[in-house]
Peer 1: 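Structure provided below as structure tokens; questions to follow.
Letters A, B, ... are given to chains in the order of the sequence lines, protein chains preceding strands, and every chain is numbered from 1. Just so we're clear, the structure is a prediction, and the values are computed from it rather than from any experiment. Excluded from the calculations below are hydrogen atoms, water molecules and symmetry mates; all remaining heavy atoms, backbone and side chain alike, are included.
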Amino acid sequence: MEVALKDILLTKGKEWLGIDIDPSWIQFQPTRKGVRGDVTLMVFPFAKALQLPPAQVAELIGKHVKSEVSFVADFEVIQGFLNFVFSDTLWSDQLVAINQNDSFGLAEPDSKQMVMVEYASPNTNKPLHLGHLRNIFLGYAVAQLKKAHGHQVIKTQVINDRGIHICKSMLAWHRFAPLQANGERETPANSGLKGDKLVGKYYVEFEKHLQLEVKEVLARWNGGDFSNTSASALEKFQELNQALVGKDEKAQAAISDKIKELAKNETEILRAAKDMLVRWEGRDPETYLLWSTMNGWVYEGFDVTYQRMGVDFDKLYYESDTFLLGKDQVMDGLARGVFYQKPDGSVWIDLTPDGLDEKLVLRSDGTAVYMTQDIGTAIERFHDYPALSGIVYTVGNEQDYHFKVLFLILDKLGYSWAKNCFHLSYGMVDLPSGKMKSREGTVVDADDLMEEVVNAATVMTQERGQIAELTEGERHNLFESIGMGGLKYYLLKVDPKKRMLFNPEESIDLTGNTGPFIQYTHARINSLLRKAGSIQIDESALVIDFGEIELIKLLAAFPQTIAEAADNYSPALLANYLYELTKAYNSFYQQSPILNETNEGLRFARILISKNVAKVLKTGLNILGINAPERM
RNA sequence: GGCUCCGUAGUUCAAUGGAUAGAACGAGCGUUUCCUAAACGCUAAAUAUGGGUUCGAUUCCCGUCGGAGCUACCA
């Protein structure tokens with residue numbers, strides 16, 4: 001409609017107004033709620049060019065458009081806004097078209113470029129927590145949005161299965177897991193503990209011992225005992241100790257942290273973990289076996305968590321497979337002068353000309369860092385999928401700098417696709433008590449949280465749900481759908497870029513702006529449609545009024561909403577649209593009889609609207625990864 | 001210190017240069033002989049602050065104040 005209006009303004013504008021029309025003047029927007037009209041034209045740019053009052057220009061354009069465009073039934077001028085009122089038949093035709101389109105809102109599959117969406121990058125030393133939930137639900141929904149928008153999508157995760165963190169868990173397990181009677185140490189099989197939880201337990205164990213040793217080292221240093229301390233650490237310690245003098249409290253705290261960091265590196269246990277990493281990179285068989293065994297436990301644990309979350313992946317990348325390629329690339333880049341080497345053997349890139357810092361890409365002992373493996377992983381992906389146009393990295397915003405650097409390095413290495421890599425940066429999830437900190441034990445575990453929301457949904461549904469006709473299995477699925485739907489919606493309705501607060505009590509709410517509220521409306525419409533049975537609807541006899549038009553307008557905005565949400569990587573836009581549609585429908589439902597309406601044409605229109613609201617809600621919820629139960 | 005992001009009702013979120021800044025929760029008052037009340041209606045309540053650009057600024061620019069993140073041979 002807007003396109004048609006734009007065309008006529010461009011072709012006839014000069015004749016009506018006497019001046020050439022610049023296309024940029026033509027700005028449409030949906031007419032404000034509560035004001036008569038369907039589409040609004042801004043007349044300010046025209047008024048400015050014509051040197052006439054906006055109202056006068058609007059009147060002029062409105063008159064001409066009304067007489068020349070068949071679907072414009074009327075127009076109204078309010079201040080500088082020209083509101084066009086479309087004919088009722090246009091809206092009933094829209095409704096019929098929406099109704100006949102089973103994949104309404106969805107673009108032609110695979111009609112757009114192939115993109116890869118990475119949305120989980122767990123470390124294999126700890127279980128998943130609330131932050132991962134936001135990450136994974138967000139990435140999954142973006143992947144679904146891209147698909148709905150016509151892209152071919154590869155869902156992937158990169159598993160940080162190598163590195164010092166996993167060596168810490170390995171070392172702690174090897175040292176501290178008690179030997180059982182049969183000679184085994186604790187395993188998921190013999191203890192019944194979920195694999196990722198077990199490995200996480202030993203990571204915590206490592207950190208505990210590390211802290212103890214750090215205290216010992218510090219006590220020794222402060223007592224003047226520097227045996228077992230490297231010369232460079234001693235030098236730095238003395239330097240930092242000097243720096244403490246005369247500083248304010250804040251600066252002193254920062255320096256103390258640095259000293260602590262220094263002491264960490266001088267502990268036996270951390271040295272042992274580092275040795276283990278070197279042995280691992282040297283493929284020491286015993287270390288390798290321990291590593292693959294413990295990672296295996298973690299994967300089994302993650303699988304259980306992912307399954308409950310309702311997410312899956314098309315392709316997995318393990319950093320243990322890609323870090324060598326990353327190292328090769330670094331050596332190659334070094335030869336080509338992209339990187340440079342320091343006397344100690346470490347390799348760096350100087351990004352100061354680009355306004356960034358110098359960045360390490362390979363340690364002096366030759367082992368890979370995060371950046372090294374990310375370079376390798378990216379290249380591997382484009383190698384695996386030649387048709388791939390770009391990668392979306394769903395990673396928290398504390399890594400904004402890392403990705404800026406990564407994309408710049410890839411560009412400097414000569415990969416043209418580097419500019420199509422996008423860091424989907426999301427904000428941290430805070431708790432009412434503040435930031436989640438593993439050290440303070442305020443981390444919200446993903447499995448525990450999911451269990452909790454499903455339990456809450458179970459209680460509420462048993463209390464108010466219409467579930468008498470459901471079997472035991474169906475009930476179980478329903479509770480799961482409602483609990484998980486609430487949790488997903490809660491995390492997805494907020495703009496991804498923004499830091500958000502997670503309130504445990506609100507997350508299990510079923511009323512207000514929540515997932516179950518939308519699910520409920522969908523279920524209620526389904527109940528209505530079941531009662532409607534096989535009423536034959538005569539699509540040529542629809543009667544519509546103001547309330548119906550409002551809803552048809554909202555329905556018609558669905559494809560546009562998907563496009564915008566996909567282009568902006570923002571499931572929140574879709575979530576907010578679904579909420580708005582739900583609100584509008586509930587209000588309509590409350591004041592308008594549907595099956596009981598006596599005017600047949602009106603009844604037909606209302607049933608059709610109900611049916612298509614349900615259709616859009618279901619499609620939309622599914623894109624967000626949320627189930628839409630038929631009854632609840 | 002440098003760089004980046006963020007300040008909207010009591011609280012959590014909307015509004016991507018447009019009209020009277022929307023919701024939800026919480027508070028108060030209402031709505032079930034009728035299609036699922038997990039619903040609906042009504043009331044009170046907000047753009048941190050000072051400038052600038054614009055016909056028009058929550059939105060863009062600059063300053064101030066407040067908050068967060070990054071600035072690791074951790075990942």
Side-chain angles (χ1 to χ4, degrees), chain A residues 27 29 31-35 40 42 44-45 47-48 54 78-81 83 121 123 125 160 162-166 168 258 261 264-265 274 319 342 344-348 355-357 360-365 367 369-371 373-374 396-402 404 425 427-428 430 432 435 457 460-461 463-466 482 490 493-495 497-503 505-506 509-514 516-521 523-532 564 568 570 572-573 576 579-580 582-583 586-597 606-607 610 631-632:
Chain A
Q27 300 165 36
Q29 60 183 247
T31 299
R32 197 193 143 81
K33 225 177 152 186
V35 176
T40 298
M42 299 294 143
F44 298 106
K48 206 174 171 187
I78 301 171
Q79 297 168 31
F81 300 90
N83 302 328
S121 37
N123 293 346
N125 63 330
N160 296 309
R162 61 160 295 281
I164 190 74
H165 58 285
I166 179 66
K168 289 176 178 176
K258 278 189 185 161
E261 203 59 35
K264 248 189 205 175
N265 288 315
K274 282 182 178 173
E319 295 204 319
K342 287 192 177 176
D344 65 4
S346 57
V347 181
W348 298 71
L356 304 174
D357 298 322
L360 177 92
V361 289
L362 206 59
R363 288 195 191 99
S364 53
D365 65 5
T367 55
V369 288
Y370 188 33
M371 194 59 80
Q373 47 202 36
D374 269 5
N397 65 8
E398 77 275 16
Q399 291 189 35
D400 285 355
Y401 185 72
H402 172 81
K404 216 168 164 182
S425 162
M428 295 290 100
D430 283 330
K435 212 186 150 175
M460 290 308 272
T461 306
E463 207 171 278
R464 345 180 168 172
Q466 312 282 317
I482 296 173
Y490 185 86
K493 72 177 173 184
V494 181
D495 181 346
K497 290 193 287 290
K498 292 197 174 171
R499 167 178 277 267
M500 69 173 288
L501 188 108
F502 182 85
N503 185 330
E505 283 157 32
E506 277 178 23
D509 266 351
L510 306 171
T511 63
N513 187 357
T514 64
F517 168 68
I518 299 173
Q519 288 173 320
Y520 172 77
T521 300
R524 190 164 67 173
I525 295 174
N526 272 285
S527 162
L528 184 85
L529 294 176
R530 280 193 296 273
K531 289 213 164 76
E564 270 172 33
N568 290 296
S570 177
L573 292 178
N576 289 338
Y579 177 62
E580 208 179 313
T582 302
K583 287 285 291 176
N586 280 342
S587 184
F588 175 80
Y589 175 91
Q590 178 66 30
Q591 63 189 95
S592 313
I594 297 170
L595 300 180
N596 302 333
E597 172 59 46
R606 287 176 180 175
I607 292 172
S610 301
R631 51 183 99 211
M632 65 186 269

Peer 1: Taking the side chain of A:Arg363 as its heavy atoms from C-beta onward, which of B:G41, B:A75, B:A14 lies nearest to it?
Peer 2: B:A75
Peer 1: Of the options B:G18, B:C74, B:U20, whose atoms approach the side-chain atoms of A:Lys274 most closely?
Peer 2: B:C74
Peer 1: Between atom CG in A:Asp374 and atom P in B:C74, what is the gap in whole Å?
Peer 2: 15 Å
Peer 1: Could you check whether A:Asp357 gets within reach of a base, just the sugar-phosphate, or nothing at all, counting any heavy atom under 4.0 Å?
Peer 2: sugar-phosphate
Peer 1: If we take the C1' atom in both B:G17 and B:C61, what is their distance in whole Å?
Peer 2: 14 Å
Peer 1: Using the ring of each side chain (for Trp, its six-membered ring), is A:Tyr370 parallel, tilted or perpendicular to A:His402, with breaks at 30° and 60°?
Peer 2: parallel
Peer 1: Without decimals, in angstroms, what is the distance between A:Arg499 CZ and B:G7 P?
Peer 2: 12 Å
Peer 1: Are side-chain heavy atoms of A:Trp348 and A:Ser346 found at a separation under 4.5 Å?
Peer 2: yes
Peer 1: Touch check for A:Leu501, heavy atoms < 4.0 angstrom, all strands: base, sugar-phosphate only, or nothing?
Peer 2: sugar-phosphate
Peer 1: Give the nucleotide from the list B:A39, B:A15, B:U12 with an atom nearest to the side chain of A:Leu573.
Peer 2: B:A15
Peer 1: Can a side chain N or O of A:Lys498 be found less than 4.0 Å away from OP1 or OP2 on B:C6?
Peer 2: no
Peer 1: Using only modelled atom types and a 3.5 angstrom limit, is any donor from either the side chain of A:Thr511 or the base of B:A39 paired with an acceptor on the other?
Peer 2: no
Peer 1: Report yes if a side-chain nitrogen or oxygen of A:Arg32 is closer than 4.0 Å to either non-bridging phosphate oxygen (OP1 or OP2) of B:A15; otherwise report no.
Peer 2: no
Peer 1: Which whole-number value in Å describes the distance from A:His402 NE2 to B:U4 C1'?
Peer 2: 16 Å
Peer 1: Quick one: label A:Thr367 by what it contacts on the DNA or RNA (base, sugar-phosphate, nothing), any heavy atom closer than 4.0 Å.
Peer 2: nothing
Peer 1: Checking one value: the base orientation of B:U64, syn if chi is within 90 degrees of 0, otherwise anti.
Peer 2: anti
Peer 1: Could you verify whether a donor N or O on one side chain and an acceptor N or O on the other, from A:Asn513 and A:Lys583, lie under 3.5 Å apart?
Peer 2: no
Peer 1: If you pin A:Asp495 and A:Leu360 to their nearest nucleotides in RNA chain B, which one's is more 5'?
Peer 2: A:Asp495
Peer 1: Can you check the A:Leu362 CG to B:A75 C1' distance for me, whole Å?
Peer 2: 16 Å
Peer 1: Please state how far atom NZ in A:Lys404 lies from atom C1' in B:C3, giving the value in whole angstrom units.
Peer 2: 7 Å
Peer 1: Rounded to whole angstrom, note down the C1' distance from B:C3 over to B:A44.
Peer 2: 44 Å
Peer 1: Can a side-chain donor-acceptor contact be found between A:Thr511 and A:Asp509 if the only test is distance below 3.5 angstrom?
Peer 2: no
Peer 1: Is there a side chain to side chain donor-acceptor pair (under 3.5 Å) between A:Arg524 and A:Asn586? Walk through the geometry before answering.
Peer 2: CA-CA 10 Å; A:Arg524 190 164 67 173; A:Asn586 280 342; 2.8 Å; yes
Peer 1: NA contact type, A:Phe44, heavy-atom cut-off 4.0 Å: base, sugar-phosphate, or nothing?
Peer 2: base
Peer 1: Looking only at side-chain atoms of A:Val369, point me to the closest of B:G69, B:C40, B:A75.
Peer 2: B:A75
Peer 1: Between B:U49 and B:C74, how many Å separate the two C1' atoms, rounded to a whole number?
Peer 2: 40 Å
Peer 1: Scan side-chain atoms only and decide if A:Thr31 and A:Thr40 contain a donor-acceptor pair under the 3.5 Å cut-off.
Peer 2: yes
Peer 1: How about A:Lys342: does its NZ atom have over 12 heavy atoms from other parts shown lying under 6.0 Å from it?
Peer 2: yes
Peer 1: A:Lys497 has an atom NZ; how far is it from atom P of B:C13, in whole Å?
Peer 2: 15 Å
Peer 1: Determine whether a donor-acceptor pair (N or O, by modelled atom type, separation under 3.5 Å) exists between the side chain of A:Ser527 and the backbone of A:Ala523.
Peer 2: no
Peer 1: Side chain of A:Glu398, heavy atoms from C-beta onward: which of B:C70, B:A19, B:C55 has the nearest atom to it?
Peer 2: B:C70
Peer 1: Could you check A:Asn265 against A:Thr461 and say which one's nearest nucleotide on RNA chain B is further toward the 5' end?
Peer 2: A:Thr461
Peer 1: Rounded to the nearest angstrom, tell me the gap between atom NZ in A:Lys258 and atom P in B:C74.
Peer 2: 15 Å
Peer 1: Quick one: does any side-chain atom of A:Asp495 pair with a main-chain N or O of A:Lys497 as donor and acceptor, under 3.5 Å?
Peer 2: yes
Peer 1: Going by distance alone, is a donor N or O of one side chain under 3.5 Å from an acceptor N or O of the other, for A:Asn83 and A:Arg32?
Peer 2: no
Peer 1: Determine the stems involving RNA chain B; a stem requires 3 or more consecutive pairs of the Watson-Crick or G-U wobble kind, each with both distances below 3.5 Å, and the answer is none if no such run exists.
Peer 2: B:1-7 with B:65-71, B:10-13 with B:22-25, B:27-31 with B:39-43, B:48-52 with B:60-64
Peer 1: What's the closest nucleotide to the A:Met500 side chain, out of B:G41, B:C13, B:U12?
Peer 2: B:C13
Peer 1: Answer yes or no: is there a donor N or O on one side and an acceptor on the other, between the side chain of A:Arg631 and the main chain of A:Asn526, under 3.5 Å?
Peer 2: no
Peer 1: What nucleotide, of B:A75, B:A24, B:C13, holds the atom closest to the side chain of A:Tyr579?
Peer 2: B:A24
Peer 1: Please check the phosphate of B:G69 (OP1 and OP2 only) for any side-chain N or O of A:Asn397 closer than 4.0 Å.
Peer 2: no
Peer 1: Which is true for A:Glu261 with a 4.0 Å heavy-atom rule: it touches a base, it touches only sugar-phosphate, or it touches nothing?
Peer 2: base
Peer 1: Given B:A75, is OP1 or OP2 found less than 4.0 Å from the side-chain N or O atoms of A:Ser121?
Peer 2: no
Peer 1: Just call it for A:Gln399: base, sugar-phosphate, or nothing, with non-hydrogen atoms closer than 4.0 Å on any strand.
Peer 2: base
Peer 1: With side chains defined as the heavy atoms from C-beta onward, is the minimum distance between A:Val369 and A:Leu362 less than 4.5 Å?
Peer 2: no
Peer 1: Quick one: A:Asn513 CG to B:A39 C1', roughly how many Å, whole number?
Peer 2: 15 Å
Peer 1: Mind checking if A:Asp430 touches a base, just sugar-phosphate, or nothing, with heavy atoms under 4.0 Å?
Peer 2: nothing
Peer 1: Go through B:A75, B:A14, B:G41 for me and flag the one nearest to the A:Ser587 side chain.
Peer 2: B:G41
Peer 1: For a side-chain contact (heavy atoms from CB on, under 4.5 Å) check, start with the C-alpha distance between A:Leu529 and A:Ile607, then their side-chain angles and the critical distance, and finish with the verdict.
Peer 2: CA-CA 8 Å; A:Leu529 294 176; A:Ile607 292 172; 4.2 Å; yes
Peer 1: So A:Tyr401, base contact, sugar-phosphate only, or nothing? Heavy-atom distance under 4.0 Å.
Peer 2: sugar-phosphate
Peer 1: Can you tell me how far P in B:G22 sits from the matching atom in B:U43, rounded to whole Å?
Peer 2: 12 Å
Peer 1: Counting the atoms with a prime plus P, OP1 and OP2 as sugar-phosphate, which does A:Lys583 contact under 4.0 Å by heavy atoms, base, sugar-phosphate, or nothing?
Peer 2: sugar-phosphate
Peer 1: Check nucleotides 33-37 of chain B for protein N or O atoms closer than 3.5 Å to its own N or O atoms and list the pairs.
Peer 2:
{"residue": "B:C34", "atom": "O2'", "partner": "A:Asn596", "partner atom": "ND2", "Å": "3.1"}
{"residue": "B:C35", "atom": "O3'", "partner": "A:Lys531", "partner atom": "NZ", "Å": "3.3"}
{"residue": "B:C35", "atom": "O2", "partner": "A:Leu595", "partner atom": "N", "Å": "3.0"}
{"residue": "B:C35", "atom": "N3", "partner": "A:Ile594", "partner atom": "N", "Å": "3.1"}
{"residue": "B:C35", "atom": "N4", "partner": "A:Tyr589", "partner atom": "O", "Å": "3.0"}
{"residue": "B:C35", "atom": "N4", "partner": "A:Ser592", "partner atom": "O", "Å": "2.9"}
{"residue": "B:U36", "atom": "OP1", "partner": "A:Ser527", "partner atom": "OG", "Å": "2.8"}
{"residue": "B:U36", "atom": "OP2", "partner": "A:Ser527", "partner atom": "OG", "Å": "3.1"}
{"residue": "B:U36", "atom": "OP2", "partner": "A:Lys531", "partner atom": "NZ", "Å": "2.6"}
{"residue": "B:U36", "atom": "O2'", "partner": "A:Tyr520", "partner atom": "OH", "Å": "2.1"}
{"residue": "B:U36", "atom": "N3", "partner": "A:Met632", "partner atom": "O", "Å": "3.0"}
{"residue": "B:U36", "atom": "O4", "partner": "A:Met632", "partner atom": "N", "Å": "3.3"}
{"residue": "B:A37", "atom": "OP2", "partner": "A:Arg524", "partner atom": "NH1", "Å": "3.0"}

Peer 1: If you only use heavy atoms from C-beta on, which nucleotide in B:A19, B:A24, B:U16 is closest to the side chain of A:Val35?
Peer 2: B:A19
Peer 1: Please determine whether a side-chain nitrogen or oxygen atom of A:Lys493 lies at a distance below 4.0 Å from atom OP1 or OP2 of B:U12.
Peer 2: no
